[in-house]
There are 2 protein chains.
Amino acid sequence: MDLRQLRYFVAVARERNFTRAAETLNIAQPPLSRQIQALEDELGVALLIRNSRPVRLTEAGRLFYEQSIQVLGRVEQMRAATRRVGLNQNSVLSIGFVASTLYGGLPSLLRKLRHRAPEIEIQVLEMASVQQIPALKEGRIDIGFGRLHHPDAGVVGIVLREERLVVAIPRGTPLAQSSDPLPVKALTGQELIVYPKEPRPGYADHVLNLLHGHDVRPSEVHEVREIQTALGLVAAESGLCVVPSSSRQMRSDVHYRLLDGERATTPVILYHRVGDSSPYIDLIKELIRDMYAENPPWISAEHNLPTRPAFVDEPSPAPEAQD
Amino acid sequence: MDLRQLRYFVAVARERNFTRAAETLNIAQPPLSRQIQALEDELGVALLIRNSRPVRLTEAGRLFYEQSIQVLGRVEQMRAATRRVGLNQNSVLSIGFVASTLYGGLPSLLRKLRHRAPEIEIQVLEMASVQQIPALKEGRIDIGFGRLHHPDAGVVGIVLREERLVVAIPRGTPLAQSSDPLPVKALTGQELIVYPKEPRPGYADHVLNLLHGHDVRPSEVHEVREIQTALGLVAAESGLCVVPSSSRQMRSDVHYRLLDGERATTPVILYHRVGDSSPYIDLIKELIRDMYAENPPWISAEHNLPTRPAFVDEPSPAPEAQD
DNA sequence: GCGCGCGATACTTTATTGGTATAATTCAAA
DNA sequence: TTTGAATTATACCAATAAAGTATCGCGCGC
């Protein structure tokens with residue numbers, strides 16, 4: 001498959017006519033026919049219904065058409081962004097993040113960042129915490145937002161907050177009768193759903209370690225690929241699932257109760273390379289400090305331990321910082 | 001630009017070595033060098049720093065590398081999805097939606113739909129309300145979720161709910177002192193920010209018409225491309241902005257007050273082709289009915305008029321429905 | 001400063017793409 | 001039902017572009 005074939009197919013799908021499409025593409029009609037045939041051969045799927053005038057799209061063709069438009073648009077954006085960065089010599093700040101931070105401060109931070117540093121190109125890449133460490137060391141990302149403590153000396157991790165954990169409980173079951181915090185012990189003998197299955201170690205292990213530390217053994221543990229599936233299974237009464245408090249908004253048809261117990265939290269950690277002297281690292285810390293000062297809803301005391309990031313604590317007691 | 005060039009570049013960026021990359025690609029090294037050169041020529045930007053061992057990526061190259069990986073992944077997904085649809089003869093349900101429905105019931109609906117009809121491929125396309133009408137008629141989408149009443153006889157529109165409007169107000173300004181509902185009249189003489197600038201007619205016109213209907217004339221109207229910009233300008237004290245109640249969660253650093261007055265609402269409308277006999281249209285209506293019965297937070301009486309979709313109202317008074 | 005590893009260049013061979021002519025279909029009007 | 005205009009497919013040739021081979025040149029480490 002080839003971008004040219006996508007362009008050709010899009011033209012045909014738009015015009016619903018090979019001849020006119022060939023004209024708009026400035027090629028003759030026969031090569032166009034052959035390219036489309038080659039595309040269909042490679043996919044092993046018919047995209048067009050030709051024994052009909054005008055030509056119609058098959059179901060597969062309709063899907064392929066819309067997707068092709070999006071891919072071509074994406075390629076165009078990529079080309080433009082690369083040009084911009086290359087020609088203006090401005091730099092790229094590449095940020096890795098775990099999906100759950102999308103429900104916390106990340107969107108707001110990105111907004112502030114784009115506003116304060118419009119000259120840089122910001123690239124965001126969703127990746128698991130463990131993947132962020134090597135990605136940082138290899139220079140693929142400059143900043144990471146994850147949930148895992150790590151032992152690597154080349155990367156510093158700064159705990160921004162300790163978010164409380166909640167248990168997702170199927171509606172209508174006995175545990176869902178109350179909204180009071182649930183002691184960790186109460187998970188003994190329950191069916192538990194954890195995520196993600198990969199990569200390891202990950203958030204799943206964080207939860208399993210927490211239970212182990214409380215001598216709690218679920219009757220059964222199902223591992224699923226992602227949180228959406230996990231909460232879906234909860235709604236289907238397949239078991240309980242421990243999620244960060246902020247992830248509640250993903251699904252409103254299950255019941256949530258705060259988890260009560262030692263270390264029943266999960267951190268949000270900012271990673272960057274040791275000795276990275278980019279001014280944007282400091283800018284990001286400053287913006288995070290601002291953001292925490294605004295007391296956004298996701299930082300409410302009910303769902304977080306009363307801690308603040310190290311670089312946020314400092315200014316208050318010591319008057320050397322200009323705030 | 002060409003997908004092959006992307007694959008080649010990714011291989012070089014991974015290996016940081018042309019010779020080894022050529023081996024993994026099963027080609028000789030010179031053609032690889034030339035393809036990368038051609039790519040850099042076309043972009044007009046250097047992607048690699050060659051006078052260094054091992055080869056390093058430039059800033060532009062780093063961006064292009066990550067983006068290339070994502071594009072190639074996307075193409076692969078597209079290929080797989082097209083195969084699946086074409087070979088298994090299962091159909092595609094294509095859903096257009098305005099961005100704001102992402103903050104309402106759309107995610108939950110999609111979850112339910114995937115669960116209830118795993119055999120179909122669901123394609124979602126973000127597009128403005130006015131674009132959805134022609135897209136429906138041309139068969140590019142089967143279902144639309146928008147916010148505009150339309151006169152087209154070929155498309156039915158079913159009002160799912162009337163969502164209340166709120167005014168986004170910069171923090172610290174006089175209007176932000178109260179949290180009580182704000183009469184439409186209070187917008188007289190204020191600077192107003194509306195979105196989207198395109199396509200017209202759109203939500204911007206809905207808001208402007210509302211003000212006109214109340215004989216309210218803002219001192220100035222700024223048009224911006226999207227809601228993020230609009231709320232950003234509000235935060236920057238450039239004016240006020242009228243947004244659907246559910247869009248509040250997009251930004252927490254501005255103050256919101258319900259708008260009080262006749263027709264100070266915006267509908268959420270389900271569109272589909274007149275006479276479309278697909279069973280999935282009915283399934284979607286059923287799922288929406290279920291969803292409304294669950295009383296999710298975004299449907300709370302505070303932020304919606306007490307109406308229900310036509311196909312939800314019906315079952316209660318008339319006993320002919322099987323629900 | 002010498003050699004090795006590695007990327008670039010020159011040239012040839014091979015594969016792919018596009019063009020022209022024409023046959024085969026479809027659809028609609030007579 | 002037949003016929004003709006429109007449209008797509010096929011056959012064949014020309015042009016273009018990609019890959020391979022041999023070799024050069026350069027950066028970097030010893």
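Since this is a predicted model, take the numbers as computed values, not measurements. We use all heavy atoms of the structure for the numbers below, so side chains are in, but hydrogens, waters and symmetry mates are not. Chain letters run A, B, ... following the sequence lines, proteins first and then strands; every chain starts at 1.
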Does a donor on one side chain sit under 3.5 Å from an acceptor on the other, for B:Gln67 and A:Gln123? yes
Taking OP1 and OP2 of C:dA8, is either one under 4.0 Å from a side-chain nitrogen or oxygen of B:Arg50? yes
Partner set under side-chain contact (heavy atoms from CB on, under 4.5 Å) for [X], not counting sequence neighbours:
| X | result |
| --- | --- |
| B:Val55 | B:Phe18, B:Leu48 |
| B:Leu283 | B:Leu113, B:Arg116, B:Ala117, B:Tyr280, B:Glu286, B:Leu287 |
| B:Gln228 | A:Arg111, B:Glu226, B:Met250 |

Its contact letters, B for base, S for sugar-phosphate only and - for none at protein heavy atoms under 4.0 Å, make nucleotides 13-23 of chain C read ----SBBBB--
Which atom pairs, donor and acceptor, lie under 3.5 Å between side-chain atoms of residues 267-275 of chain B and protein residues at least two apart or in another chain?
| unit_1 | atom_1 | unit_2 | atom_2 | d |
| --- | --- | --- | --- | --- |
| B:Tyr271 | OH | B:Leu148 | N | 3.1 |
| B:Tyr271 | OH | B:Leu148 | O | 2.5 |
| B:His272 | NE2 | B:Lys285 | NZ | 3.4 |
| B:Arg273 | NH1 | B:Leu136 | O | 2.5 |
| B:Arg273 | NH1 | B:Ile141 | O | 2.9 |
| B:Arg273 | NH2 | B:Asp142 | OD1 | 2.8 |
| B:Arg273 | NH2 | B:Asp276 | OD2 | 3.4 |

The bend of the helix from C:dG1-D:dC30 to C:dA30-D:dT1, taken between the axes of its five terminal pairs at each end and rounded to 10°, is 30°
How long is the line joining [atom1] of [X] and [atom2] of [N], in whole Å?
| X | N | atom1 | atom2 | value |
| --- | --- | --- | --- | --- |
| A:Leu48 | C:dT26 | CG | P | 15 Å |
| B:Asp41 | C:dA8 | CG | C1' | 13 Å |
| A:Arg16 | C:dC27 | CZ | P | 15 Å |

Salt bridge (charged side-chain N to carboxylate O under 4.0 Å, His left out) partners of [X], counting only residues at least two apart:
| X | value |
| --- | --- |
| A:Arg50 | A:Glu40 |
| A:Asp2 | A:Arg4 |
| A:Glu76 | A:Arg79 |

Going 5' to 3' along DNA chain D, which are the first and last nucleotides with any atom under 4.0 Å from a heavy atom of chain B? D:dA18 to D:dC28
Test ring-ring contact (aromatic ring centres under 6.0 Å, His included) applied to B:Tyr195 - qualifying residues, sequence neighbours left out: B:Tyr203
Residue pairs, two or more places apart or on separate chains, that pass ring pair (Phe, Tyr, Trp, His ring centres under 6.0 Å) and touch residues 35-67 of chain B: B:Phe9-B:Phe64
